[in-house]
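Quick notes on the structure that follows.
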Amino acid sequence: MSLVGKKFPNVAIDAMSEMGDDLKINIFEEATKNQQKIVLFWYPKDFTFVCPTELHAFQEALPEFEKRNTKVIGASCDTNEVHFAWLNTAKDNGGIEGVTYPILADTHRQLANILGIVDQDFEFDEEGNEFYTGSNVTYRATYLIDETGKIFHESVNDMPLGRNVKEFLRLIDAYTHVQKHGEVCPANWEEGKDAMKADRNSTAEYLANHKN
């Protein structure tokens with residue numbers, strides 16, 4: 001079930017800072033109290049393969065998110081101790097040394113289960129006993145949250161598929177344009193390109209002026 005248009009769950013989750021500080025982060029409060037947008041990205045597991053490439057990609061784009069008054073937060077179901085060990089592992093050894101944004105440690109899968117992004121299912125054996133299947137870690141889910149705590153974008157990738165960080169910057173730009181100007185953004189819109197009013201005449205004019 002999609003959560004777009006709904007408020008982000010108002011729960012506090014353990015997290016780790018790059019300095020090794022144990023934190024409690026409530027995503028909803030981070031957005032509403034600080035009046036900032038949030039990009040929350042979940043990845044399956046520390047010390048794996050695609051995951052460090054994504055964490056470094058978000059780190060490289062951090063100045064661009066900050067320009068847009070957007071806070072980056074990573075998340076997985078690993079513990080704070082495992083996060084800290086990975087933060088202290090060199091990049092050329094598969095680690096995430098140099099990452100400076102906080103990382104949620106949703107060890108009990110409290111938030112991940114609310115969001116419905118855990119790779120977990122259950123079946124019954126021949127005797128009727130329930131048993132769980134799946135990896136019990138999260139998919140590559142991403143949430144963009146606005147200053148009111150509302151989710152304005154969500155996406156979920158299967159585990160082998162890394163994300164395009166630039167697309168989240170584009171979506172934040174588009175949503176900010178909507179907030180500021182009350183216009184809607186057509187397909188492939190980027191900052192500086194034409195937007196439209198939400199009416200039939202504006203759509204017709206846009207299509208007439210943007211023929212292939």
Side-chain angles (χ1 to χ4, degrees), residues 3-4 8 13 15-21 23 25 27-28 30-32 34-76 78 83-84 86-106 111-112 115 117 138-147 149-180 185 187-193 195:
L3 297 177
V4 170
F8 196 84
I13 301 296
M16 170 61 59
S17 77
E18 82 278 9
M19 300 301 294
D21 298 319
L23 309 172
I25 294 180
I27 301 294
F28 180 81
E30 287 287 326
T32 56
N34 297 323
Q35 284 297 285
Q36 61 184 348
K37 292 182 176 68
I38 305 286
V39 54
L40 171 66
F41 73 97
W42 294 79
Y43 61 91
K45 202 171 183 181
D46 293 358
F47 291 100
T48 50
F49 318 111
V50 175
C51 297
T53 70
E54 292 194 308
L55 273 80
H56 286 297
F58 276 102
Q59 180 65 34
E60 289 168 9
L62 197 59
E64 292 300 319
F65 285 109
E66 290 173 346
K67 286 179 188 176
R68 293 160 172 81
N69 190 34
T70 300
K71 183 170 185 174
V72 174
I73 299 175
S76 78
D78 297 279
H83 283 339
F84 189 58
W86 205 24
L87 284 162
N88 282 280
T89 301
K91 184 177 181 179
D92 60 7
N93 195 29
I96 58 167
E97 187 178 34
V99 165
T100 61
Y101 50 81
I103 306 173
L104 299 187
D106 190 18
L111 180 54
L115 297 172
I117 57 173
T138 67
Y139 294 104
R140 299 187 192 282
T142 312
Y143 298 88
L144 301 182
I145 300 123
D146 73 10
E147 298 86 348
K150 185 182 80 172
I151 299 168
F152 64 92
H153 169 83
E154 66 177 341
S155 59
V156 183
N157 289 11
D158 200 357
M159 294 176 193
L161 305 177
R163 283 161 279 212
N164 184 337
V165 174
K166 291 180 180 178
E167 173 62 4
F168 303 120
L169 291 168
R170 188 194 72 83
L171 288 167
I172 291 167
D173 286 342
Y175 190 78
T176 301
H177 184 92
V178 173
Q179 289 176 309
K180 288 182 177 179
C185 296
N188 300 321
W189 183 92
E190 293 177 345
E191 185 66 49
K193 291 187 176 181

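Of all the heavy atoms in F41 and V72, the pair that sits closest is CE2-CG1, 3.9 Å. Here the closest heavy-atom approach between residue P102 and residue K71 is recorded as CG-CE, 4.1 Å. When every heavy atom of S155 is checked against every heavy atom of F168, the shortest pair comes out as OG-CE2, 4.0 Å. Taking every heavy atom of both residues into account, S76 and P44 meet most closely at CB-O, 4.3 Å. I25 and A15 make their closest contact through CD1-CB, 3.7 Å (heavy atoms, listed as atom of the first residue, atom of the second, distance). Listed here is the closest heavy atom pair of G162 and N157: O-ND2, 3.7 Å.
A distance-only check finds a donor-acceptor pair linking the side chain of H56 to the backbone of G95 [under 3.5 Å]. Of the possible polar contacts, none joining the D158 side chain to the P160 backbone as a donor-acceptor pair under 3.5 Å is found. Using a distance-only test at 3.5 Å, with no hydrogens or angles considered, no donor-acceptor pair links the side chain of D46 to the main chain of F84. Side-chain atoms of H177 do not come within 3.5 Å of backbone N or O of E191 as any donor-acceptor pair. Looking at R140, its side chain does come within 3.5 Å of a backbone N or O of M159 through a donor-acceptor pair.
For the atom pair N69 CG and Q35 CD, the distance stands at 8.5 Å (nearest 0.5 Å). Interatomic distance, I96 CD1 to N88 CG, rounded to the nearest 0.5 Å: 9.5 Å. Rounding to the nearest 0.5 Å places CG of L171 at 14.5 Å from NZ of K166. Here Y175 contributes atom OH and K180 contributes atom NZ; the two are 13.5 Å apart, rounded to the nearest 0.5 Å. The CD1 atom of I172 sits 9.5 Å away from the NE2 atom of H153 when rounded to the nearest 0.5 Å. Atom CG of D92 is separated from atom OG1 of T89 by 10.5 Å, given to the nearest 0.5 angstrom.
Looking only at side-chain heavy atoms (C-beta outward), K37 and E147 come within less than 4.5 Å of each other. At a threshold of 4.5 Å between non-hydrogen side-chain atoms, the residues T138 and D106 do not count as touching. Side-chain atoms of I27 and Y143, non-hydrogen and from C-beta on, never get closer than 4.5 Å to each other. Counting heavy atoms from C-beta on, the side chains of L55 and W86 come closer than 4.5 Å. Between Y43 and V50, the closest side-chain pair of non-hydrogen atoms is not below 4.5 Å. Here the side chains of F152 and E154 are not in contact, with every heavy-atom distance at 4.5 Å or above. Side-chain contact check for F8 versus L111: some heavy-atom pair is nearer than 4.5 Å. The shortest side-chain heavy-atom distance between C185 and V178 falls under the 4.5 Å cut-off.
The environment of F49 atom CZ is sparse: at most 12 non-hydrogen atoms of other residues, nucleotides or ligands sit within 6.0 angstrom. A 6.0 Å sphere centred on CG of N188 holds no more than 12 heavy atoms belonging to other residues, nucleotides or ligands.
With sequence neighbours left out, N34 forms a side-chain contact (heavy atoms from CB on, under 4.5 Å) with E30, Q36.
Screening I103, I13, I145, L40 against I73 for a side chain to side chain contact (heavy atoms under 4.5 Å, CB included) leaves a single residue, L40.
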Table please: side-chain donor-acceptor pairs of residues 57-65 below 3.5 Å, with sequence neighbours left out.
unit_1: Q59; atom_1: OE1; unit_2: T100; atom_2: N; d: 2.8
unit_1: Q59; atom_1: OE1; unit_2: T100; atom_2: OG1; d: 3.3
unit_1: Q59; atom_1: NE2; unit_2: T100; atom_2: OG1; d: 3.1
unit_1: E64; atom_1: OE1; unit_2: R68; atom_2: NH1; d: 2.9
unit_1: E64; atom_1: OE2; unit_2: K67; atom_2: NZ; d: 3.0

